[in-house]
Protein chains: 2
Amino acid sequence: MCQDVVVPADSRVRRTREEILSVAARLFAERGYAATSTRLIADAVGIRQASLYYHFPSKEAVLAELLASTVRPSLELCRDLEAADLAPAEALRRLVTFDVGVLLRVEGNVGLLYALPEVGTDPFSTFRTERAELRDAYARLATAALAPGVHPVTADLVLGLVESVIPLRRDSPKLPPPDEVGEALAAAALRMLGAG
Amino acid sequence: MCQDVVVPADSRVRRTREEILSVAARLFAERGYAATSTRLIADAVGIRQASLYYHFPSKEAVLAELLASTVRPSLELCRDLEAADLAPAEALRRLVTFDVGVLLRVEGNVGLLYALPEVGTDPFSTFRTERAELRDAYARLATAALAPGVHPVTADLVLGLVESVIPLRRDSPKLPPPDEVGEALAAAALRMLGAG
DNA sequence: ATTATCTATAGATCTATAGATAATGC
DNA sequence: ATTATCTATAGATCTATAGATAATGC
């Protein structure tokens, strides 16, 4: 058994690695994955293009790590909420406000990464699986909260409604504070389901 | 004055040009703009890479034409509806069902093109202007239909809700018929605004 | 004669690797 | 001594142009 290599949280290599992630997230979201060269990322970080490959084995690995970090917190909350035996409408309200808060606050509008067409290709299938889990959790909660007489497809619209804050944030710079948008959107989702 | 050059609707050049557009739309939506090479498009059409440049001056021009053709029909309907002096809720219901129908029926899920990050770059600013017009029209109608006591930001969510059928179509292959989804979504939008 | 396509290629990328060197920390 | 970066470059693209040739239609 060998000991884990301990990297202090503020070591130089750690900071560089995280700056690469942060810069790449912003550039991928703004310009697209294929249109963002490793040179462009490196220049923005202030290192040479080849030095990226000390921190990541490939450009794909950079995007893969970004994607993983965006979906995991929501997935964990989903599991907690489903275990907590709340009324479906209340569980959904909490999930929606949490996700809207994250999407509006995260730097660089990283939520846009979900929609990158390249994410549909083979190297990112792990992320797609995790994302499908999140979609299913939303659909289960929304279906349970659905009022009689409301068309069942409405339950599949909730996640899309939540994520519509991503382009909204890009296109409408003057938005109310995240918490206010989150509560308004959660209330809108519940009205939409007839669960007001 | 010179006469316009008349190109018959089914001429060979016209068919090739339209097949380029159709194939490019599908590939851009599936794989992204930068990740789709002119060679890949040409191979799928069955011509040589260089022959694309007889029909289009650049790769950008192909995407620009696709974008223009997707936003224009909705913009025209918007203008008609605003002129027709309907109740805002009814005008919005018609606009929503129309757009959902188009987005669900158009071949190759071309709606995904809206979200391509490359669309945010300079060469596509004309499209972005037209798209901003559509967004404003949605916001005007939705604001007019908003019930008292409902948070105003809710009006800005309607377009996002409509466009959430684009990823829905990609991720949930088994969806009800377009008309049914359109009506369910329009009803959901009106409930969300408190205008049920 | 004109239109639509082809072959061939220039010139500019891009990712990733090899091997050298500078900075860090015991 | 190890870690993090650098320079240099191989090899594979990619867009767009030049000029030749085949198909079309009067």
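For the numbers below, each heavy atom of this structure counts, side chains included, while hydrogens, waters and symmetry mates do not. Proteins come first, then strands; the chains are lettered A, B, ... in the order of their sequence lines, and each starts at number 1.
A straight line from CD1 of A:Ile47 to C1' of D:dT3 spans 14 Å, rounded to a whole angstrom. In this structure, B:His55 atom NE2 and C:dC6 atom C1' are separated by 12 Å, rounded to whole Å. Here the P atom of nucleotide D:dA16 and the CG atom of B:Leu52 are 10 Å apart, to the nearest Å. Counting to the nearest Å, the P atom of D:dA4 and the CZ atom of A:Arg15 are 12 Å from each other. Atom-to-atom, OH of A:Tyr54 to C1' of C:dA22 comes out at 13 Å; the value is rounded to the nearest Å. Rounded to a whole Å, the CZ atom of B:Arg17 is 16 Å from the C1' atom of C:dT5.
Here A:Thr38 pairs with A:Gln49 under the side chain to side chain donor-acceptor pair (under 3.5 Å) rule; sequence neighbours left out. Residues forming a salt bridge (charged side-chain N to carboxylate O under 4.0 Å, His left out) with B:Arg131 (at least two apart in sequence, or on another chain): B:Glu163. Residues satisfying the side chain to side chain donor-acceptor pair (under 3.5 Å) criterion with B:Glu130, sequence neighbours excluded, are B:Arg72. Contacts of B:Glu30 classified as salt bridge (charged side-chain N to carboxylate O under 4.0 Å, His left out), with partners at least two apart in sequence or in another chain: none. Residues that satisfy the side chain to side chain donor-acceptor pair (under 3.5 Å) test with A:Asp179, not counting sequence neighbours, are A:Arg105. Under the side chain to side chain donor-acceptor pair (under 3.5 Å) criterion, B:Glu76 pairs with no residue at all, not counting sequence neighbours. The ring pair (Phe, Tyr, Trp, His ring centres under 6.0 Å) search around A:Tyr33 returns A:Phe28, not counting sequence neighbours. Judged as a salt bridge (charged side-chain N to carboxylate O under 4.0 Å, His left out), and not counting sequence neighbours, A:Arg191 has no contacts. Applying the salt bridge (charged side-chain N to carboxylate O under 4.0 Å, His left out) criterion to A:Glu183, with sequence neighbours excluded, gives no partner residue.
Distance from the side chain of B:Arg48 is smallest for C:dT7 among the nucleotides C:dA16, C:dT7, D:dC6. With distances taken from any side-chain atom of B:Lys59 to the nucleotides C:dT7, D:dT5, D:dA16, the minimum falls on D:dA16.
With 3.5 Å as the limit, one finds a donor-acceptor pair spanning the side chains of A:Tyr138 and A:Asp99.
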Look for any protein N or O under 3.5 Å of an N or O in nucleotides 17-21 of chain C and output each such pair with its distance, or none.
none

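A close approach under 4.0 Å does occur between a side-chain nitrogen or oxygen of A:Thr16 and OP1 or OP2 of D:dT5. Distances shorter than 4.0 Å separate some side-chain N or O of A:Ser51 from OP1 or OP2 on D:dC6.
If you check residues 29-44 of chain B against DNA chain C, you find no residue with a heavy atom closer than 4.0 Å.
Base pairing in DNA chain C yields stems of at least 3 consecutive Watson-Crick or G-U pairs, both distances under 3.5 Å, namely C:1-24 with D:1-24.
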Quick one, A:Leu77 with A:Arg94, criterion side chain to side chain contact (heavy atoms under 4.5 Å, CB included). Give me CA distance, side-chain angles, the key distance, then yes/no.
CA-CA 9 Å; A:Leu77 179 62; A:Arg94 292 191 195 181; 5.7 Å; no

